Amino acid sequence: MDLRLRNIAVGFAVGAGLGVGGAIAYIKANGGAVPRPQQAWAMAGGRPVTQKDLEHPALKFGLPQTEQLRFFSGFVSCFDSATRNPKWVLEFISKDSLKGEGARDQSTFYEDTSIEERFRSKLADFQDSGYDRGHMAPAANHKGSQKAMDDTFALTNISPQVGAGFNRDYWARFEKFVKDVARRSDGVYVVTGPLYLPTPDADAATGRPGWRMQYPMIGKPPQLVAVPTHYFKVVLAENSSGANGGHTAALGAFVMPNAPIDPDTPLSAYAVPLDALECVAGARFFPGYVSERRRAAVDRAAVAWQEDGRRRMRILARAGLAQEQAVMLPERATVDAITASPQPTRSNNWGWGKKRDAAAAAAGGGGGADVVDVPVPKTSGGDGAIHVCELLACRLPPERWWENNGQGPSGGRKGRGGGGGGGSVDRGQSLKSRL
DNA sequence: TTTGATGT
C-alpha cells in the first residue's frame with residue numbers, strides 16, 4: 001500500500017471493500033491457498049483509495065481523522081476517538097496462542113500513548129466507574145508470549161463492561177466457548193466490538209412510534225468514554241482437514257447486552273444473522289470470506305438456532321430478549337418464511353461429531369440424554385460454510401468451569417463486597433436475584 | 001484442559 005495512505009487514517013467506509021469487480025476468490029473447498037481480498041484501510045466506492053483520490057482539491061489540508069488502526073502482536077484494533085472505545089478488534093487465535101508463557105498476573109492495563117492524549121481513554125476513566133475494563137481480544141487467547149498478552153491490556157483493546165453477571169460470568173463463558181472451538185480448529189479469526197443499540201420508543205417531539213438511543217458515559221467531560229449497550233463477536237473458524245472434504249469454515253455472529261445475563265440462557269439465543277449485525281454495526285466483516293451465498297446460508301441457520309434458543313427460555317426472559325434485540329430482528333413474516341423449512345439433524349460434516357457430543361455432555365450438566373434432544377439445524381448451501389452453533393452443540397461451558405476438578409480459583413480470594421459488585425462468596429445466588 | 005477484574 002502507498003505509504004501516504006497508511007499514514008492518513010480515515011474513518012469512512014470501514015471494511016466496506018469487497019474488492020474490485022467481485023474478483024475476490026473465496027476459500028476453496030479443497031483447503032487451498034487463501035488469496036487476500038484487494039483491500040485498503042480507506043475504501044472508495046468498493047475499491048481502495050488511490051493516490052489520485054488523495055490529490056482531490058478539498059483534501060489540501062488532509063482527511064478528517066475519526067478512528068485509527070493499531071497493530072498488536074495477536075490482534076488489530078480500530079479505535080474510535082468519539083466514543084473512546086474500540087470500534088472493533090480483530091484477533092487470530094491458534095493452538096499456539098492459547099498456551100505459552102504469557103501470564104495474566106504479569107500484565108497491567110496501560111493507556112495507549114500512541115493515541116493523542118485528549119482522544120484516548122484513560123486509566124482514571126475506569127477508576128471507580130463501576131465498570132470493568134473489559135478485553136475485546138481476551139488475554140487468555142494470547143499466551144504465546146508475555147508481550148502478546150501484555151498487548152491485550154492496552155486500553156485500545158478495552159471497553160467498559162458490566163462486571164458481575166456479564167464480563168466475569170456469561171461473557172467469560174462465551175470467550176471460553178470460542179477458545180474451545182479454537183482448540184478444535186486450524187485457526188480462528190474473531191472480531192469483537194461494542195454496539196450502541198436503540199430501543200423502541202415514542203418520539204418525544206412528534207409522539208410517533210420510533211426509536212431512542214440511550215447509553216451512559218464515564219470519565220470527565222469533554223473527554224467522556226461511552227458505555228456500550230451491547231457487544232458482538234463474529235467467529236470464523238477454519239478447518240483445513242474437514243471430514244468429507246465438504247466444510248472448510250464455521251461462521252457465526254453473536255450479540256449480547258452489556259448487562260447481567262441469566263446463566264441458564266442458551267448461547268444460541270444470542271446468535272444473530274450476520275447481515276443484521278452488519279446493518280447495526282455499519283461494517284462488513286471478513287469480506288475475503290463472506291460471500292452473499294455464504295452469508296445467506298449461515299444466516300438461515302442463525303435464525304433457526306436463535307429460535308431454538310428462545311424456545312428453551314422462560315416466557316418472560318424471552319420477551320426481554322426480544323426487546324433487547326428489537327432493532328436487529330427481522331420482520332415477523334421474514335422469520336416465519338426463513339424457519340418454515342427447518343432441517344433438524346444431529347450430524348455435521350465437520351468431522352467432530354464425537355468430540356462435540358462428549359464436550360457437550362461435559363458442559364451440559366444434564367448428561368448426554370439432554371444433548372441428544374437438542375435439534376441441530378444444519379447449514380446448507382453455504383459453499384463450505386457452516387454455522388458455529390453446529391460445533392460443540394452451541395453449549396457454553398458450565399458456570400465456574402475452572403473449579404470443576406477439585407481445584408479452587410488460583411487466587412483463593414474472598415468476596416469483595418464492594419459496590420462494584422461480583423466476587424461474593426455465593427455469587428450465583430446473588431446474581432440470580434440481580435436479574 | 002485453568003476466565004475474569006477490583007482495590008490497597
Side-chain angles (χ1 to χ4, degrees), chain A residues 74 91 93-110 121-144 148-150 152-155 157-185 188 190 192 218 227 231 233 256 258-261 263 267 352 355-356 358-363 391-392 395-425 427-428 430-431:
Chain A
E91 62 183 313
I93 316 172
S94 66
K95 293 180 179 70
D96 288 339
S97 75
L98 293 180
K99 58 179 185 352
E101 61 186 26
R104 194 189 172 93
D105 58 13
Q106 299 300 309
S107 299
T108 53
F109 291 98
Y110 67 96
S121 59
K122 321 289 195 302
L123 292 168
D125 296 333
F126 290 87
Q127 199 86 19
D128 294 320
S129 70
Y131 291 95
D132 278 6
R133 297 174 286 196
H135 286 71
M136 298 295 93
N141 288 350
H142 301 279
K143 299 174 126 173
M149 175 158 290
D150 288 348
T152 70
F153 285 76
L155 292 194
N157 181 45
I158 298 298
S159 178
Q161 291 185 317
V162 168
F166 183 62
N167 184 39
R168 304 176 185 196
D169 297 292
Y170 199 93
W171 183 257
R173 290 165 67 203
F174 179 37
E175 292 175 335
K176 173 65 158 58
F177 173 86
V178 174
K179 275 178 67 174
D180 290 340
V181 168
R183 281 204 191 85
R184 295 161 170 78
S185 303
V188 174
V190 188
T192 307
I218 59 175
V227 179
Y231 289 93
K233 270 187 194 295
M256 294 173 192
N258 187 15
I261 294 177
L267 173 59
W352 298 356
K355 278 186 186 173
R356 183 205 64 190
L391 311 181
L392 304 173
R395 293 296 187 102
L396 285 182
E399 296 179 73
R400 294 183 291 198
W401 71 90
W402 58 94
E403 295 177 351
N404 272 356
N405 288 331
Q407 295 274 45
S410 55
R413 59 167 172 72
K414 307 287 191 203
R416 292 190 293 115
S424 67
V425 174
R427 188 168 58 174
S430 61
L431 175 58

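All figures in this text were calculated on a predicted structure; none of them were measured in a lab. Naming: A, B, ... by sequence-line order, numbering from 1 per chain.
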task = Show your working on side chain to side chain contact (heavy atoms under 4.5 Å, CB included) between A:I158 and A:M136 and close with a plain yes or no.
result = CA-CA 6 Å; A:I158 298 298; A:M136 298 295 93; over 6 Å; no
ask   = Taking it one step at a time, do A:H135 and A:F109 satisfy side chain to side chain contact (heavy atoms under 4.5 Å, CB included)?
value = CA-CA 10 Å; A:H135 286 71; A:F109 291 98; 3.5 Å; yes
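When rounded to the nearest whole Å, the span between CG of A:L98 and C1' of B:dT3 equals 13 Å. We find that CZ of A:F166 is positioned 15 Å from P of B:dT6, with the value rounded to whole Å. Atom pair A:K95:NZ and B:dT1:C1' shows a separation of 14 Å (rounding to whole Å applied). As a whole-Å value, the separation of A:H142 NE2 from B:dT3 P is 13 Å. The CG atom of A:D96 sits 16 Å away from the C1' atom of B:dT1 (whole-angstrom rounding). Taking atom CD on A:E399 and atom C1' on B:dT2, their separation rounds to 17 Å, with Å as the unit. The nearest whole Å value for the distance from the CG atom in A:N141 to the C1' atom in B:dG4 is 13 Å. Spacing between atom CZ of A:F109 and atom P of B:dT6 amounts to 5 Å, rounded to whole angstrom units.
Below 30°, between 30° and 60°, or above 60°: for A:F177 and A:F174 the angle between ring planes is below 30°, a parallel geometry.
Side-chain proximity of A:P138 to B:dG4, B:dT3, B:dG7: nearest is B:dG4. Between B:dG4, B:dG7, B:dT3, one nucleotide has an atom nearer to the side chain of A:K143 than all others, and that is B:dT3. Counting only heavy atoms from C-beta on, A:D128 has its side chain closest to B:dG7 among B:dT6, B:dT3, B:dG7. Of the candidate nucleotides B:dT6, B:dT1, B:dG4, B:dT1 has the atom lying nearest to any side-chain atom of A:K176.
Of the N and O atoms on the side chains of A:E91 and A:H142, at least one donor lies less than 3.5 Å from an acceptor on the other residue.
When the side-chain nitrogen and oxygen atoms of A:R183 are compared with OP1 and OP2 of B:dT2, one or more of them lie within a distance under 4.0 Å.
At a threshold of 4.0 angstrom between heavy atoms, the contacts of A:K179 are confined to the sugar-phosphate backbone, with no base atom among them. Within the 4.0 angstrom heavy-atom criterion, no nucleotide atom of any strand lies near A:R173.
The pair A:R173-A:D169 does not meet the salt-bridge criterion, since no charged nitrogen lies less than 4.0 angstrom from a carboxylate oxygen.
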